[in-house]
Asks: 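My questions all concern the structure below.
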Amino acid sequence: MDWILAHHADPAQVAALSPLHLRYPIHWISDDWPDHDGSLEQVVQLQPDLILAGQYSALLLRERLRTLGYRVEVLPLPSTLEQVESYERQLLELIGRNPDLAQPAPTPQMPETDAKRLLLLGSNGIGTGRDTFEHQIIEQAGWRNYLTGSGHMQLDLEQIAADPPDAILFAAPEHQALANRFAEHPVLRRSIPADGWLSTDYWRWQCPGPWTWDLIRQLNQWLD
């Protein structure tokens, strides 16, 4: 919510971003954006005309604010590519901008039956399978998902060595943490050539938004 609000709103419109934007910093939100501490007292002190909340955030706080007479609008988190467009349109309308500025969702595409297979690798050796938002991104970009199971799965190194994907995209923070060392495993490095390791901005995978379309275009370009 912080990201898409800062993406579209004039800073003068925004009384404060949530404290979560400090926990998940993004390079295009500068330090001079105001923020609140998540307390009822500070939000009331700001006297906002509109309070935006995510689907799962601050349930008790937002209901208390409603009982105090504040306008609270809850935006459901997109779970499909089509919903990203409606999410953006709703946000634009709420902040008084033209909802037609939202980027339209692309026409749904299915990969070719012989398309290259992409493994989306996260921290702790977890791969992203079907029935996920990320799976929709992979297929919309023209790849086949290497994993055929549902949801997020613990990867099997023996399976990867015996039947490696065409490419691996390591979608995890570039931190020297044990959770991220799986990507350095010798089995993976021997199974996938150096040019088969892809890299994107990690933040683009964290939350759906208009940046999702840039991610799809980038993945599609790697198929050529």
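Because only heavy atoms are used, hydrogens play no part in the values below, and waters and symmetry mates are left out as well, while side chains stay in. A quick note: this is a predicted structure, and the numbers were derived from the prediction, not measured.
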Asks: Which value, rounded to the nearest 0.5 Å, describes the distance between Thr132 atom OG1 and Leu120 atom CG?
Replies: 8.0 Å
Asks: Do Tyr70 and Pro48 come close enough that some side-chain heavy atom pair is under 4.5 Å?
Replies: yes
Asks: May I ask whether Ile4 and Leu22 are part of the same hydrophobic cluster, defined by side-chain heavy atoms of I, L, V, M, F, W, Y residues being less than 4.5 angstrom apart, directly or through others?
Replies: no
Asks: Establish, from distance only, whether the side-chain atoms of Ser86 and Gln90 form a donor-acceptor pair under 3.5 Å.
Replies: no
Asks: Examine distances only and state if a side-chain atom of Trp143 and a backbone atom of Leu219 form a donor-acceptor pair shorter than 3.5 Å.
Replies: yes
Asks: Answer with yes or no whether the hydrophobic clustering places Leu223 together with Ile137; edges join I, L, V, M, F, W, Y residues whose side-chain heavy atoms lie under 4.5 Å apart.
Replies: yes
Asks: Salt bridge check: are Asp49 and Arg71 linked by an N-O gap of less than 4.0 Å?
Replies: no
Asks: Is it the case that the ring center of Trp211 lies less than 6.0 angstrom away from the ring center of Trp203?
Replies: yes
Asks: Determine whether Leu169 and Trp222 satisfy the following criterion, side-chain contact (heavy atoms from CB on, under 4.5 Å), listing intermediate values before the conclusion.
Replies: CA-CA 11 Å; Leu169 196 154; Trp222 279 323; 4.1 Å; yes
Asks: Which residue is it: Gln140, Glu139, Gln136, Gln109? I am looking for the one with a side chain to side chain contact (heavy atoms under 4.5 Å, CB included) to Ile216.
Replies: Gln140
Asks: Roughly how far apart are Ser18 OG and Leu5 CG, rounded to 0.5 Å?
Replies: 10.0 Å
Asks: Over all heavy atoms of both residues, which pair between Ala9 and Val14 is shortest? Give the atoms and the distance, please.
Replies: CB-CG2, 3.9 Å
Asks: Determine, step by step, whether Leu61 and Leu59 satisfy the side-chain contact (heavy atoms from CB on, under 4.5 Å) criterion, reporting the C-alpha distance in whole Å, the side-chain angles of both residues, the deciding distance to 0.1 Å, and the verdict.
Replies: CA-CA 6 Å; Leu61 176 59; Leu59 303 182; over 6 Å; no
Asks: Verify the neighbour count for atom CG of Asn98: are there more than 12 heavy atoms of other residues, nucleotides or ligands below 6.0 Å?
Replies: yes
Asks: Atom CD in Glu112, atom CE in Met110: separation rounded to 0.5 Å?
Replies: 10.5 Å
Asks: On a heavy-atom basis, which atom in Leu92 and which in Ala102 lie closest, and how many Å separate them?
Replies: CD1-N, 3.4 Å
Asks: Would Arg117 and Asp163 satisfy side-chain contact (heavy atoms from CB on, under 4.5 Å), going step by step from the backbone distance to the final call?
Replies: CA-CA 11 Å; Arg117 296 180 301 166; Asp163 180 26; 2.8 Å; yes
Asks: Under 3.5 Å, is there a donor-acceptor pair between the side chain of Gln55 and the main chain of Leu77?
Replies: yes
Asks: Quick one: does Leu81's side chain get under 4.5 Å of Pro108's, heavy atoms only?
Replies: no
Asks: Between Leu157 and Met153, is there shared hydrophobic-cluster membership here, with clusters defined by ILVMFWY side-chain heavy atoms closer than 4.5 Å?
Replies: yes
Asks: Is the closest side-chain heavy-atom distance between Phe133 and Val84 below 4.5 Å?
Replies: yes
Asks: Is there a side-chain contact (heavy atoms from CB on, under 4.5 Å) between His21 and Ile26? Walk through the geometry before answering.
Replies: CA-CA 8 Å; His21 93 92; Ile26 192 73; over 6 Å; no
Asks: Under a 4.0 Å threshold between the charged nitrogen and the carboxylate oxygen, would Asp10 count as salt-bridged to Arg97?
Replies: no
Asks: Mind checking whether Leu94 and Met1 sit in one hydrophobic cluster, side chains of I, L, V, M, F, W, Y counted as touching below 4.5 Å?
Replies: yes
Asks: Is a side-chain donor or acceptor of Asn145 paired with a backbone partner of Ile138 at a separation under 3.5 angstrom?
Replies: no
Asks: Between Asp100 and Arg89, is there a side-chain heavy-atom distance shorter than 4.5 Å?
Replies: yes
Asks: Check Leu147 against Gly129 and note the closest heavy-atom contact, atom names and distance.
Replies: CB-CA, 4.0 Å
Asks: Which heavy atom of Ile192 sits nearest a heavy atom of Pro164, and at what distance?
Replies: CD1-CB, 3.8 Å
Asks: Any side-chain heavy atom of Arg130 sitting closer than 4.5 Å to one from Thr148?
Replies: yes
Asks: Out of curiosity, Leu46 CG to Glu41 CD, how far, rounded to the nearest 0.5 Å?
Replies: 12.0 Å
Asks: Do Leu68 and Leu40 have side-chain heavy atoms sitting under 4.5 Å apart?
Replies: yes
Asks: Of all residues at least two apart in sequence or in a different chain, which pass the salt bridge (charged side-chain N to carboxylate O under 4.0 Å, His left out) check with Arg64?
Replies: none
Asks: Would you find more than 12 non-hydrogen atoms of other residues, nucleotides or ligands less than 6.0 Å from Gln154 atom CD?
Replies: yes
Asks: Is it true that Val43 and Leu52 fall in one hydrophobic cluster, defined by side-chain heavy atoms closer than 4.5 Å?
Replies: no
Asks: Determine whether Ser79 and Gln83 make a side-chain contact, defined as any pair of heavy atoms from C-beta on separated by less than 4.5 Å.
Replies: yes
Asks: Tell me the closest heavy-atom pair linking Tyr87 and Pro208, and the distance in Å.
Replies: CE2-O, 4.2 Å
Asks: Look at the side chain of Ser191 and the backbone N and O of Leu188, then say whether any donor-acceptor pair between them is shorter than 3.5 Å.
Replies: no
Asks: If the threshold is 4.0 Å, N to carboxylate O, is there a salt bridge linking Arg144 and Asp166?
Replies: no
Asks: Assess, by modelled atom type and distance only, whether the side chains of Glu88 and His7 contain a donor and an acceptor separated by less than 3.5 Å.
Replies: no
Asks: Taking NZ, NE, NH1 and NH2 as the nitrogens, is one of them in Arg66 or Glu73 under 4.0 Å from a carboxylate oxygen of the other?
Replies: no
Asks: Is the closest side-chain heavy-atom distance between Tyr146 and Leu118 below 4.5 Å?
Replies: no
Asks: Drop me the distance from Asp2's CG to Leu17's CG, to the nearest 0.5 angstrom.
Replies: 5.0 Å
Asks: Can you tell me how far apart CD (Gln218) and CH2 (Trp213) are? Round to the nearest 0.5 Å.
Replies: 15.5 Å
Asks: Just wondering, more than 12 heavy atoms not from Gln206 lying within 6.0 Å of its CD?
Replies: yes
Asks: Determine the minimum heavy-atom distance between Ala115 and Gly142, stating which atoms define it.
Replies: CB-O, 3.4 Å
